[in-house]
There are 2 protein chains.
Amino acid sequence: MDDDVPPGDASPTPRPKARRPRKGTAERRAEILRAAANTFGSKGYKNGSLTDVAEQVGITHAGVLHHFGTKEQLLIEVLEYRDKEDVRDLEGQHIPGGQELFAHLVRTARMNVDRRGIVQGYSVLTGESVTENHPARAWVTERFEVLRGEIADAIDDISGGRVPHQDAVLAASAIIGVMDGLQVQWLLDETVDLPESTTFAIEAILSATLVKGHAPRTETTQ
Amino acid sequence: MDDDVPPGDASPTPRPKARRPRKGTAERRAEILRAAANTFGSKGYKNGSLTDVAEQVGITHAGVLHHFGTKEQLLIEVLEYRDKEDVRDLEGQHIPGGQELFAHLVRTARMNVDRRGIVQGYSVLTGESVTENHPARAWVTERFEVLRGEIADAIDDISGGRVPHQDAVLAASAIIGVMDGLQVQWLLDETVDLPESTTFAIEAILSATLVKGHAPRTETTQ
DNA sequence: CACACATTACTAACTTGTCAGTAAGGCCGA
DNA sequence: TCGGCCTTACTGACAAGTTAGTAATGTGTG
């Protein structure tokens, strides 16, 4: 191979490493992500194979790897994709605060009955994530952390600060806990009334928390 | 080697299919079961291998298969073993009823902080079990069913039947839900106060349930 | 001895990931 | 607009490692 470079003007266009995907690529990737979400959801991350994902979009597993590099990267992008999708149909951009948040949680539980696949995916992945070095572990952990913070803030908000923040966090953990725990029970046995039980529990925890912060008498500043 | 069999008394004991295990076999099996519980607990059923289990007791994976036949059978026996172990140190034989049950649940949550492995095993397996055709699915489902029944009965008991059974079941599901859901959060983030949050939630749900059944006025039979 | 228990050796099925090669898209210069 | 030409998108074959389960063979105990 001849190596001689044209003397003067080497590299007139300073193209560092621009990747220019083709026209339908973005949609293709989204297709794969949906398929992967489906597979990881029904079979778990460890048990769901790349071939399984690939077949759903009519390509080979090597094709999937072409787009995502590794299986782990695919999982990460699935999670990010889910995050975006989740917030998409939400009014503003963030999850609401105050009283509105709890209405949102109850509404979500109600909606989840018609989104079995999503719920299953979430449950399987959450359960799997507590194993050693699971690639979704950080994501799940952070998700819980953020959610606890938001719910605790909402409690602070509607209680006007009468509830000690520590108690608010305690209640927030419990609320997330019931929601997740009930989902698993419901997935295994549809006779479990997911929305009713969730609603009931959230109200119970919430009212107990607020009562606790109600203070026997006046306790404004001190 | 010479093949000639002693002429007369061949097989004086007519045992067609009797298995007579050796001396230490029972303990050996128990050892394997504990190892398997450990492996399935930390890595999940799908991800935990027979070799992994075998190495913990100093044999090969084929040795494990000699005792249990298949990996699935091993899992089933692990679950049965756990069931027996769980009830072993309990006073009578069954989980208590009435007020005592809730005290027991809270006590369990408190103990679980020092049994991380057990909790992880339970969480991973429960999450995995919602996947299609999972070998532990029936076991987990039944376990939930029984537990819901026992808790609902306890509520019926301490409320003196004032709470509609339907509501009791609703509350029972929720109580199991918080316990399981909080465990997962705690496994991922130790700052989550497992016993406190669990205790608080159980009390909240319980009191809300009883208040609901308190009846505005007299409502004895109708 | 006979058999429970265990090993070694092996198979068949899968796994993720790599690689070379092919077909076609899209930009650029003439 | 035509013809190069590099890149993207993908396949098919294969590598290297798992896995569960089987079969043949030892060995020590009852």
Side-chain angles (χ1 to χ4, degrees), chain A residues 1 6 9 11-33 35-36 39-40 43-76 133-135, chain B residues 1-32 35-36 39-40 43-76 133-135:
Chain A
M1 330 127 176
D9 54 316
S11 67
T13 48
R15 251 175 302 171
K17 237 107 202 181
R19 312 177 119 270
R20 31 174 183 163
R22 234 173 262 178
K23 203 185 68 180
T25 299
E27 180 50 36
R28 188 41 144 209
R29 283 176 57 100
E31 243 182 288
I32 297 173
L33 286 177
T39 293
F40 295 159
K43 305 194 170 182
Y45 170 73
K46 282 283 178 187
N47 196 29
S49 71
L50 291 176
T51 303
D52 194 334
V53 174
E55 277 172 357
Q56 290 177 68
V57 294
I59 61 176
T60 65
H61 87 277
V64 174
L65 286 174
H66 164 72
H67 285 286
F68 296 95
T70 68
K71 191 189 181 188
E72 193 168 323
Q73 185 58 35
L74 174 61
L75 171 64
I76 289 166
N133 301 333
H134 195 282
Chain B
M1 323 299 176
D2 64 321
D3 248 38
D4 56 339
V5 185
D9 55 309
S11 66
T13 50
R15 247 176 303 179
K17 246 136 204 180
R19 309 178 118 267
R20 35 174 178 163
R22 234 174 264 174
K23 201 186 69 180
T25 300
E27 180 51 35
R28 185 53 141 195
R29 282 176 57 100
E31 244 182 288
I32 297 173
T39 293
F40 294 160
K43 305 195 169 181
Y45 170 73
K46 283 284 178 187
N47 196 30
S49 70
L50 291 177
T51 303
D52 195 334
V53 174
E55 277 172 356
Q56 289 177 70
V57 294
I59 61 174
T60 65
H61 88 278
V64 174
L65 285 173
H66 164 72
H67 286 285
F68 296 95
T70 68
K71 191 189 182 189
E72 193 168 323
Q73 185 58 34
L74 174 61
L75 170 65
I76 290 166
N133 300 333
H134 194 282

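Source: prediction; values computed, not measured. The chains referred to below are lettered A, B, ... by the order of the sequence lines, with proteins before strands, and numbering in each begins at 1.
Whole-Å rounding puts the H66(A) NE2 to dT11(D) C1' distance at 12 Å. Atom pair Q73(B):CD and dG21(D):C1' shows a separation of 15 Å (rounding to whole Å applied). Put simply, CG on L75(A) is 12 Å from P on dT16(C), counting in whole angstrom units. Rounded to an integer number of Å, the gap from I32(B) CD1 to dA6(C) P is 7 Å. Whole-Å rounding puts the H67(A) NE2 to dG17(C) C1' distance at 16 Å. What separates CG of L74(A) from P of dG17(C) is a distance of 10 Å, to the nearest Å. Protein atom CD of E72(B) is 12 Å distant from nucleotide atom P of dA20(D), rounded to whole Å. The distance from atom CZ of F68(B) to atom P of dA4(C) is 16 Å, rounded to the nearest whole Å.
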Query raised in the report: How does DNA chain C look in dot-bracket form if you count Watson-Crick and G-U pairs under 3.5 Å, write [ ] for pairs that cross, and put | where a base pairs with another strand?
Result: ||||||||||||||||||||||||||||||
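Contact annotation: R28(A) side-chain N/O to dC10(D) OP1/OP2 distance is under 4.0 Å.
Closest of all the heavy-atom pairs between Y45(A) and P135(A) is CE2-CG, 3.5 Å. Considering all non-hydrogen atoms of both residues, F68(A) and R29(A) come closest at CE2-NH2, 3.5 Å. Of all the heavy atoms in L65(A) and T70(A), the pair that sits closest is CD2-CA, 3.9 Å.
Residues in residues 63-72 of chain A take part in no salt bridge (Lys or Arg N to Asp or Glu O under 4.0 Å) pair, two or more places apart or across chains. The salt bridge (Lys or Arg N to Asp or Glu O under 4.0 Å) analysis of residues 49-59 of chain B, with sequence neighbours excluded, yields the pairs K43(B)-D52(B).
Atom OG1 in T39(A) sits 11.5 Å away from atom CD1 in I32(A) (nearest 0.5 Å).
In this structure, the side chains of T51(B) and T60(B) stay at 4.5 Å or more apart for every pair of heavy atoms. At least one side-chain heavy atom of I59(B) sits less than 4.5 Å from a side-chain heavy atom of R28(B).
Shown for residues 55-65 of chain B: residues whose heavy atoms fall under 4.0 angstrom of DNA chain C, namely G58(B), I59(B), T60(B), A62(B), G63(B).
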Hey, what are the protein-to-nucleotides 15-19 of chain D N/O distances that come in under 3.5 Å?
residue, atom, partner, partner atom, Å
dT19(D), OP1, S49(B), OG, 3.3

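Partners of K46(A) according to the salt bridge (charged side-chain N to carboxylate O under 4.0 Å, His left out) rule, which considers only residues two or more places apart in sequence or in another chain, do not exist here.
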